[in-house]
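Just below is one structure, and these are the notes that go with it.
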Amino acid sequence: MNDNFPSITSYFKDRSAVIANKHSKERVMAPILEEALGLKIIVPKEIDTDQFGTFTLDIPRKGSQLDAARNKAQEGIRLTGLDIGIASEGTFAPYGFTNANTEIVILIDLKNNWEFVGGNKSLQTNIAETNASSVEEALIFARQVGFPEHGLVVRKNKSDTKYMQKGITSKIKLKEAVEKILKLPLNNKVLIETDMRAHLNPTRMEVIQAATLDLVQTIKRRCMECGTPGMKYIKSNPGLPCSLCGLKTDNTLSITYECQSCHTVSDEMYPYGIKACDPANCQWCNP
Ligand SMILES: [Zn+2]
Ligand SMILES: [Zn+2]
C-alpha cells in the first residue's frame, strides 16, 4: 500500500449523506457510518420507500434486492439534492429447515462516482405466519414470535389488503384486529404474520447493523495501485490446507477483489484469519 494515498475518512468527512428509509433504520446505521467515515447523516421526513415494495406485498418489489436498495438511495439523493445516498433492503427465504434474512446496504457517492455494497445473512429471524381461529390461538402464536417487541400483521388472507392491519404491538390491538376479522360473514379464520419492517423487528435490525458494518469493511478495503476505497468482491478461492493432513481442502484460502476505478485484481489471503482448517472440516480426514 502506497502511504501517500489520502485516508479513507478524508473522502467522506463532514459530507452530508441521506439514509433513505422511513422505518428508523438510521438508529443502527447512522452511528456506524458517522463514527467510521465521518459522515453527517440526514433522514428526510417525507420519503416513502414503500413505493419500492413492501413485505406484505400490497406493493410488489421491482427488480432485484440490489436494484431496490439502489432505487431507494437514488430517491434519497433526488429528494435532498445531496451527493451521497444510503439505503438498505432485506429479503427472507427458506434455508434448510429454517429461514434466512439477508440484508444489503448500499452507499452511492455521486461526487466520486462510487457505489459500495455491504451485506449480512442471518438465520436469526422470527419470520412466521399462522391461521388462527380464535384470539387464544393468536396469542399463542404471538408469544412464539417475540410479540410485543416484534410487531404483527393481521388480515383475512394473503390477498387481503382491505382489512389488513400492520404494526400491531399491543395485546388489545391484536385482540381487536383478530375479533374484527373473525366476525366477517362466512369467515372463521384470520391470518397472522410477523411484521418484518425494521422498526417493528429488533431481530432484523441487528442484521441491518451487521450489514452496515460489512459496508464499512468493504469501503476500507482499498486498491493497492490507486488507493480507491471499496475493492469489489469477485470470487472466493478454495484450497485452505488442513491442520492435520496438510492437504488442500474446499475451505476458502483467499478472496479475489477488483478495484472499481482502475480494475486491478488482487487476492486477500486467509480472509477469515486462519491459516489451516480444522480436520473436522477436511474432506480427506472427515469425508
Ligand atoms: Zn485433513
Ligand atoms: Zn485501483
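Position 1 is the first residue of the sequence, and the numbers go up from there. Read the numbers this way: they start at 1 and go in the same order the structure lists the ligands and their atoms. Keep in mind it's a predicted model, so treat the numbers as computed, not measured.
In summary, the side chains of His150 and Thr194 do not present any donor paired with an acceptor at a separation below 3.5 Å, with no hydrogens or angles considered.
Look at Cys242 and the Zn ion (ligand 1): an N/O/S atom of the residue is under 2.8 Å from the metal. Residue contact annotation: Cys262 places an N/O/S atom under 2.8 Å from the Zn ion (ligand 2).
The Zn ion (ligand 2) is the vertex of the angle joining SG of Cys259 and SG of Cys226, which measures 110° to the nearest 10°. Seen from the Zn ion (ligand 1), atom SG of Cys285 and atom SG of Cys245 lie 110° apart in angle, a value rounded to 10°.
Under a 4.0 Å N-O distance rule, the pair Lys175/Glu179 qualifies as a salt bridge.
For the pair Asn101 (side chain) and Thr91 (backbone), a donor-acceptor distance under 3.5 Å is present.
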_Intermediate values then yes/no, side-chain contact (heavy atoms from CB on, under 4.5 Å), Asn188 and Leu182_ = CA-CA 5 Å; Asn188 56 12; Leu182 288 178; 5.5 Å; no

